[in-house]
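Heads up: the structure comes next, in structure tokens.
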Amino acid sequence: MLLVWTVASQMTDRPQTLPAPWQVAARIYALAASGELWFHAGMTLYRVACSFALAMVVGTALGLWMGRSRSADQWLNPALIIMLNVPALVVIVLSYIWIGLNETAAIIAVALNKIPVVTVMIREGTRALRPDLDEMAAAFRMSRMDRLRHVVLPQLAPQIAASARAGISLIWKIVLVVEFLGRSNGVGFKLHMLFSSFDVAGVLAWALAFVAVMLAIDLLILRPWEARANRWRSDAA
């Protein structure tokens with residue numbers, strides 16, 4: 001990819017349309033040295049973390065409820081389908097209109113776009129839980145909290161880890177749109193400013209810098225977590 005980028009940048013008649021990799025790298029270094037990169041990337045990471053935590057907690061709870069209760073699934077499924085098909089941009093715009101141009105609206109807008117995806121994955125995982133383990137828990141008269149902790153959540157760990165890893169990329173992309181439309185800081189805000197001046201090198205610098213951050217999170221946190229959650233599969237084999 002780097003080689004293709006280099007060749008393409010040298011073949012274009014307008015260097016500003018596709019700057020060379022070393023030009024973008026120099027821009028990233030300058031942003032990091034000035035501290036601007038750390039501030040705006042930090043604000044974006046804060047919104048990603050808050051939205052991610054909210055979406056995972058609410059989505060997991062809804063998925064468990066819908067997976068364990070047929071009546072809850074029948075009542076909530078139409079709303080779930082609607083939320084899955086409403087464009088993210090519509091949710092963001094309505095959140096800003098109804099709540100205001102503030103952090104609460106930004107985080108809620110992102111979380112609302114992710115919650116239905118988590119709910120579906122956890123619901124399907126809950127439906128596949130082993131009934132014999134439920135019968136064992138009932139026979140030993142385990143409390144609801146103990147049953148959730150020792151029987152349900154260990155079986156759902158692979159689905160929770162998969163939904164977390166798949167969702168983090170979706171969340172940070174939506175966060176950028178939220179910042180682009182209505183925030184005064186963050187990577188999305190910087191992309192908005194650079195778009196106004198058609199600064200391609202700046203757009204690529206901010207985008208690639210934050211992609212590197214998200215890749216590091218995936219490699220160092222999410223991927224090991226998913227591997228640990230799926231370790232029982234290899235042990236069983």
Side-chain angles (χ1 to χ4, degrees), residues 45 47-88 90-92 95 104 106-138 140 142-175 177-178 214 217-237:
L45 275 176
R47 296 180 182 114
V48 168
C50 291
S51 303
F52 177 78
L54 180 61
M56 290 300 299
V57 170
V58 176
T60 300
L62 286 175
L64 275 169
W65 187 25
M66 294 176 70
R68 304 283 278 188
S69 171
R70 181 174 299 178
S71 59
D73 185 54
Q74 291 176 343
W75 278 102
L76 295 176
N77 191 59
L80 183 63
I81 294 175
I82 291 172
M83 289 302 298
L84 283 169
N85 289 279
V86 172
V90 173
V91 176
I92 294 169
S95 297
T104 301
I107 292 170
I108 289 177
V110 178
L112 286 175
N113 281 288
K114 174 58 181 172
I115 287 173
V117 180
V118 177
T119 301
V120 169
M121 296 185 70
I122 301 302
R123 181 187 64 180
E124 298 308 312
T126 303
R127 288 174 175 174
L129 293 178
R130 291 176 55 181
D132 57 332
L133 294 180
D134 273 338
E135 294 171 0
M136 179 199 68
F140 282 97
M142 296 177 68
S143 66
R144 288 188 176 182
M145 288 303 300
D146 286 339
R147 186 180 301 188
L148 177 67
R149 179 182 176 186
H150 298 292
V151 178
V152 176
L153 289 181
Q155 294 182 79
L156 284 179
Q159 283 81 11
I160 295 174
S163 63
R165 191 176 172 206
I168 194 71
S169 59
L170 174 65
I171 283 180
W172 85 262
K173 293 172 186 175
I174 299 176
V175 166
V177 177
V178 167
M214 299 310 298
I217 292 174
D218 180 75
L219 290 172
L220 299 177
I221 300 176
L222 296 179
R223 188 173 296 184
W225 178 27
E226 186 178 24
R228 182 177 180 181
N230 285 282
R231 187 173 55 189
W232 64 274
R233 299 180 188 271
S234 58
D235 292 341

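Numbers here are sequence positions counted from 1.
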Answer whether the closest heavy-atom distance between the side chains of L80 and M66 falls below 4.5 Å.
-> yes
So how far is it from I115 CD1 to L54 CG, rounded to the nearest 0.5 Å?
-> 5.0 Å
OG1 on T119 to NZ on K114, rounded to 0.5 Å = 9.5 Å
Before giving the answer on side chain to side chain contact (heavy atoms under 4.5 Å, CB included), spell out for I217 and L45 the whole-Å C-alpha distance, their side-chain angles and the decisive distance to 0.1 Å.
-> CA-CA 11 Å; I217 292 174; L45 275 176; 3.8 Å; yes
Chi angles and distances behind the side chain to side chain contact (heavy atoms under 4.5 Å, CB included) call for N77, R123 | CA-CA 11 Å; N77 191 59; R123 181 187 64 180; 2.8 Å; yes
Atom OG in S51, atom CD1 in I171: separation rounded to 0.5 Å?
-> 6.0 Å
Would you confirm whether S163, through its side chain, and I160, through its main-chain N or O, come within 3.5 Å as a donor-acceptor pair?
-> yes
Heavy-atom pair with the smallest gap, counting every atom of V86 and V91 = CG1-CG2, 3.7 Å
Side chain to side chain, L156 and L64, heavy atoms closer than 4.5 Å | yes
Indicate the atoms forming the closest heavy-atom contact of S69 with A72, along with that distance.
-> OG-N, 3.2 Å
Is the closest side-chain heavy-atom distance between V178 and R47 below 4.5 Å?
-> no
How long is the gap from CG on N113 to OG on S95, to the nearest 0.5 Å?
-> 8.0 Å
M121 and Q159: which non-hydrogen atoms are nearest, and at how many Å?
-> O-CG, 4.0 Å
Closest non-hydrogen atom pair, P116 against M83 = CG-CB, 3.5 Å
